Amino acid sequence: MNSKMLELDNIILRMVFKSYGVGKLYNSLIQESANTFRFVKYEVPPNNEPSAMGLTAHTDKNTLTILCHNEVQSLEILDKDGNWVTIMIPNDAFIVIVGDGLKAWSNARIPAAKHRVVMSGNKERYSFGLFSMPKEGATFEVPLELVDNDNDNQVFRFLL
Ligand SMILES: O=C(O)CCC(=O)C(=O)O
Ligand SMILES: [Fe+2]
């Protein structure tokens, strides 16, 4: 599972880099990357309450998150109109979430998705995720190819 998720992460990032015409930079990002896997259990709402916040709204700080889970559909994403939408993740499927790292790298061309976990019902939720990110100490810079006059002042540069 872990190696398949890493492979998927690499394929997606390579596609993103290529689609922006900077495929040659992909290898350096991969060499500079570190990855974390996290397994999380979410409890059912206490005291028969109809729902409970499992994880408060946030954007991921890493580059890309790839998640799978048991059948409990509790992941919500904030859409462009400000509505929380429950994401139905089919069995045997992954969901891919863009984090702040990819937003920064793309000079804000790719937005980071705000998401949260809201628990309801009487079944626990389990999720397993790959959180890919530049390794500690790596400088993460917007490629010059993605800098233009219109959004010059949005250039992010950060050191992890
Ligand atoms: O478990 C989930 O479905 C979401 C996890 C998550 O958003 C996170 O750990 O950052
Ligand atoms: Fe998250």
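Keep in mind that the numbers below use all heavy atoms, side chains included, and drop hydrogens, waters and symmetry copies. These figures come from a predicted structure and were not determined experimentally. The chain is numbered in sequence order, starting from 1.
With contacts defined as side-chain heavy-atom distances shorter than 4.5 Å, the pair Tyr42/Asn70 does not qualify.
Residue pairs satisfying the salt bridge (Lys or Arg N to Asp or Glu O under 4.0 Å) criterion with at least one member in residues 72-85, sequence neighbours excluded, are listed as follows: Glu76-Arg116. Sequence neighbours left out, the pairs with a member in residues 38-49 that pass salt bridge (Lys or Arg N to Asp or Glu O under 4.0 Å) are Lys41-Glu43, Lys41-Glu124. The ring pair (Phe, Tyr, Trp, His ring centres under 6.0 Å) pairs that include a residue from residues 71-96 number zero, where partners must be two or more places apart or lie in different chains.
Taking the six-membered ring where the residue is Trp, Phe39 and Phe128 present tilted rings, their angle falling between 30° and 60°.
Rounding to the nearest 0.5 Å gives a distance of 9.0 Å between CG of Asn35 and CD1 of Ile66. Rounding to the nearest 0.5 Å gives a distance of 13.5 Å between CG of Asn83 and CD1 of Ile77. The distance from the CG atom of Leu130 to the SG atom of Cys68 is 10.0 Å, given to the nearest 0.5 Å. How far OG of Ser74 is from CE of Met53: 11.5 Å, rounded to the nearest 0.5 Å. Taken from CG in Asp100 to NE2 in His58, the straight-line distance is 9.5 Å, to the nearest 0.5 Å. Taken to the nearest 0.5 Å, the CG atom of Asp60 stands 6.0 Å off from the CZ atom of Phe131.
Contacts of Val98 classified as side chain to side chain contact (heavy atoms under 4.5 Å, CB included), with partners at least two apart in sequence or in another chain: Leu64, Leu102, Ile110. Qualifying side chain to side chain contact (heavy atoms under 4.5 Å, CB included) partners for Leu75, counting only residues two or more places apart in sequence or in other chains: Leu67, Ile89, Ile95, Ile97, His115, Val117, Arg125. Here Lys123 pairs with Glu71 under the salt bridge (Lys or Arg N to Asp or Glu O under 4.0 Å) rule; sequence neighbours left out.
For Asn122, the CG atom is loosely surrounded, since the number of other residues' heavy atoms within 6.0 Å does not exceed 12.
In terms of heavy atoms, Pro45 sits closest to Gly121 at CD-O, 3.4 Å.
Lys114 contributes no side-chain N or O that, together with a main-chain N or O of Ala112, makes up a donor-acceptor pair within less than 3.5 Å.
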